[in-house]
Protein chains: 2
Amino acid sequence: MERMTTVSVDAGSGPGRKAPGRPRDARADEAILEAVTALLAEGQSADAISIEAVAAKAGVGKATIYRRWANKVALLTDAVARMKGPLPEPEGKSARDDLVMLVKQGRAKRMERYSKVTACLLPEMVRSAEMQAVYQAATEPRREVMRQVLRRGIETGELRADLDIELTLLMISGPSIAQNMLNWNPNVPEDGYAEKLVDALLRGAAA
Amino acid sequence: MERMTTVSVDAGSGPGRKAPGRPRDARADEAILEAVTALLAEGQSADAISIEAVAAKAGVGKATIYRRWANKVALLTDAVARMKGPLPEPEGKSARDDLVMLVKQGRAKRMERYSKVTACLLPEMVRSAEMQAVYQAATEPRREVMRQVLRRGIETGELRADLDIELTLLMISGPSIAQNMLNWNPNVPEDGYAEKLVDALLRGAAA
DNA sequence: ACATTACGATACGAGTCCGTTCCGTATCGG
DNA sequence: CCGATACGGAACGGACTCGTATCGTAATGT
């Protein structure tokens with residue numbers, strides 16, 4: 001009923017109102033969302049995920065899921081939102097070092113699962129503009145962090161003054177995305193990937 | 001003619017033997033594969049595609065599909081293989097111009113549908129190493145074309161002698177992939193995208 | 001003519017998942 | 001203790017897809 005996608009379980013979380021009866025088990029939320037994430041990471045596409053499978057993997061009754069989420073989209077949205085780790089905080093000393101750090105994080109072990117999940121949500125995103133928007137909202141903060149790094153680099157003179165920030169964002173992140181989701185070029189080694197990428201980007205390819 | 005995906009259903013495709021009876025309608029092959037592609041482009045994930053839906057959209061009986069493909073993977077594989085256009089042929093005069101051409105083609109209108117289809121196949125690729133291999137085999141020739149361009153650029157002195165070719169491939173294609181499939185950064189304009197990307201890559205971002 | 005195969009269409013039993021409803025039990029406030 | 005709500009589990013009818021089989025018809029070889 002009052003389950004609005006991202007709103008927390010209890011509807012009137014106002015201080016005065018108190019719900020009678022047995023309270024909902026917070027661990028169930030966690031178990032359910034974790035089950036959804038796990039199924040997605042296994043290669044189940046969004047619409048291939050059955051509520052039954054989620055309930056089984058979470059060790060939960062179907063009713064418990066239906067009680068908390070109005071529909072599958074809401075459930076998926078929450079599951080995705082849960083995956084976001086804390087925002088990275090660049091040191092601010094060297095744009096180059098900050099970018100290396102960000103790229104490294106984008107290729108970290110933790111992102112492997114995230115990439116699989118994203119991949120399995122893609123068909124849904126092709127179909128639904130709403131899901132597209134959810135993804136955009138989830139990733140925009142990280143783009144903004146990188147923007148700040150680039151802007152600071154320009155201020156300090158470490159980067160060109162006429163740098164196209166948006167395009168540069170794409171040039172930094174695009175390769176990692178392609179590798180994470182598609183393993184697009186299996187010949188690119190993992191060793192020193194972040195450093196090589198950033199340095200190549202900074203110095204250019206021309207002779 | 002002999003569709004050898006994995007296991008072709010037609011038995012005696014031997015040279016001397018001629019099959020008696022009514023021959024198969026070649027147009028049915030086309031209609032079926034086109035229907036599969038259309039469904040994928042609509043955002044149907046690979047396993048969400050039902051043979052019934054394919055048959056209906058192709059104007060074909062289910063039996064006709066089962067008669068020609070042993071399983072869904074074989075059908076999908078053929079559908080993907082059909083989408084590949086002809087390989088691009090760089091002029092060979094200027095590495096920069098050739099790269100611009102390749103990037104432009106990667107973002108062309110025709111790739112829009114291809115990207116959607118790829119996106120909808122991703123869950124299957126996460127799950128199945130076989131599907132991964134199919135994708136790799138389908139894209140490798142295009143990577144090789146780009147490799148040749150880079151090698152020639154190095155020979156002519158237009159590009160750095162110590163250029164990491166594999167990494168550069170990724171840096172050129174990754175951004176387009178991210179944009180095509182995820183619309184990752186909506187702020188990157190379409191105008192002159194290819195030229196800006198290649199030139200930024202060549203000249204570098206450092207001051 | 002006749003055997004043979006392909007065709008579109010339809011029907012079939014089996015299986016899965018849907019969303020809901022009902023259990024018996026558990027856990028809260030009053 | 002009592003009313004209220006949540007829990008896991010099981011069952012429900014309905015909808016859908018599966019892969020196969022069987023129609024009557026169409027198109028080829030001998």
Side-chain angles (χ1 to χ4, degrees), chain A residues 1-3 8-36 39-40 42 44-76 124, chain B residues 1-3 6-36 39-40 42 44-76 124:
Chain A
M1 200 76 148
E2 27 276 274
R3 178 107 206 87
S8 66
V9 181
D10 49 339
S13 62
R17 291 290 298 144
K18 239 181 185 176
R22 175 176 174 176
R24 292 186 179 168
D25 190 342
R27 293 171 309 175
D29 269 324
E30 190 65 21
I32 292 167
L33 293 177
E34 170 59 25
V36 172
L39 286 172
L40 285 173
E42 284 173 15
Q44 298 285 335
S45 72
D47 47 21
I49 288 184
S50 71
I51 301 292
E52 309 230 357
V54 174
K57 174 154 284 202
V60 152
K62 283 201 294 177
T64 302
I65 299 180
Y66 284 114
R67 198 179 292 124
R68 303 183 185 209
W69 286 275
N71 50 61
K72 198 188 285 186
V73 175
L75 176 57
L76 288 175
E124 200 64 33
Chain B
M1 216 40 123
E2 348 288 24
R3 139 188 15 84
T6 350
V7 180
S8 62
V9 177
D10 53 333
S13 63
R17 294 290 298 144
K18 242 190 184 174
R22 176 177 175 176
R24 291 185 180 170
D25 189 344
R27 293 172 309 174
D29 269 325
E30 190 65 20
I32 292 168
L33 294 177
E34 169 59 26
V36 171
L39 287 171
L40 284 173
E42 285 173 14
Q44 298 285 334
S45 72
D47 48 20
I49 288 185
S50 71
I51 301 291
E52 309 231 359
V54 174
K57 174 154 284 201
V60 152
K62 283 200 296 176
T64 302
I65 300 180
Y66 284 113
R67 198 178 292 122
R68 302 182 186 212
W69 286 274
N71 50 60
K72 198 188 287 184
V73 175
L75 176 57
L76 287 174
E124 199 65 33

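Here is the naming used below: chain letters follow the sequence lines, and residue numbers restart at 1 for every chain. Computed over heavy atoms, backbone and side chain alike; hydrogens, waters and symmetry mates excluded.
- OP1 or OP2 of D/dA6 lies within a sub-4.0 Å distance of a side-chain N or O belonging to A/R24.
- Summarising the geometry, atom CG belonging to A/L75 is positioned 7.5 Å from atom CD1 belonging to A/I32; distances are rounded to the nearest 0.5 Å.
- Using a cut-off of 4.0 Å between Lys/Arg side-chain N and Asp/Glu carboxylate O, B/E52 and B/K57 are scored as not salt-bridged.
- Looking only at side-chain heavy atoms (C-beta outward), B/D29 and B/W69 come within less than 4.5 Å of each other.
- Rounded to whole Å, atom P of D/dG9 lies 16 Å from atom NZ of A/K57.
- Remark on DNA chain C: of its neighbouring residues A/I51 and B/G61, the 5'-side contact belongs to B/G61, judged by nearest-heavy-atom nucleotide.
- The listed nucleotides are D/dC18, C/dA9, C/dC18; the one nearest the side chain of B/A63 is C/dA9.
- In this structure, the nucleotide among D/dG8, C/dC18, D/dC18 sitting nearest to the side chain of A/V60 is D/dG8.
- Between the P atom of C/dT27 and the CZ atom of A/R27 lies a distance of 10 Å, rounded to the nearest Å.
- When the side-chain nitrogen and oxygen atoms of B/T64 are compared with OP1 and OP2 of C/dA6, none of them lie within a distance under 4.0 Å.
- Rounded to an integer number of Å, the gap from B/Q44 CD to D/dC16 C1' is 14 Å.
- Of the candidate nucleotides C/dC17, C/dC28, D/dC18, C/dC17 has the atom lying nearest to any side-chain atom of A/S50.
- In this structure, A/E52 atom CD and C/dT20 atom P are separated by 13 Å, rounded to whole Å.
- In this structure, of C/dC17, C/dT20, D/dG19, it is D/dG19 that holds the atom nearest to the side chain of B/Y66.
- The residue among B/P23 and A/A58 whose nearest nucleotide of DNA chain D is located toward the 5' end is A/A58.
- Where B/A26 and B/G21 each meet DNA chain C at their nearest nucleotide, the meeting point lying more 5' is that of B/G21.
- Following rounding to the nearest Å, A/I65 (CD1) and C/dT20 (C1') show an atom-to-atom distance of 14 Å.
- For the pair B/K72 NZ and D/dC18 C1', the interatomic distance rounds to 9 Å; values are reported in whole Å.
- The distance from atom NZ of B/K62 to atom C1' of D/dT17 is 7 Å, rounded to the nearest whole Å.
- Side-chain contact between B/R24 and B/R67 is present, with heavy atoms from C-beta onward closer than 4.5 Å.
- Per the geometry, CZ belonging to B/R67 stands 5 Å off C1' belonging to C/dA6, to the nearest Å.
- We find that A/R27 and A/E34 are not joined by a salt bridge, their nearest charged nitrogen and carboxylate oxygen being 4.0 Å or further apart.
- For D/dA27, its base never sits under 3.5 Å from the side chain of B/R22 at any donor and acceptor pair.
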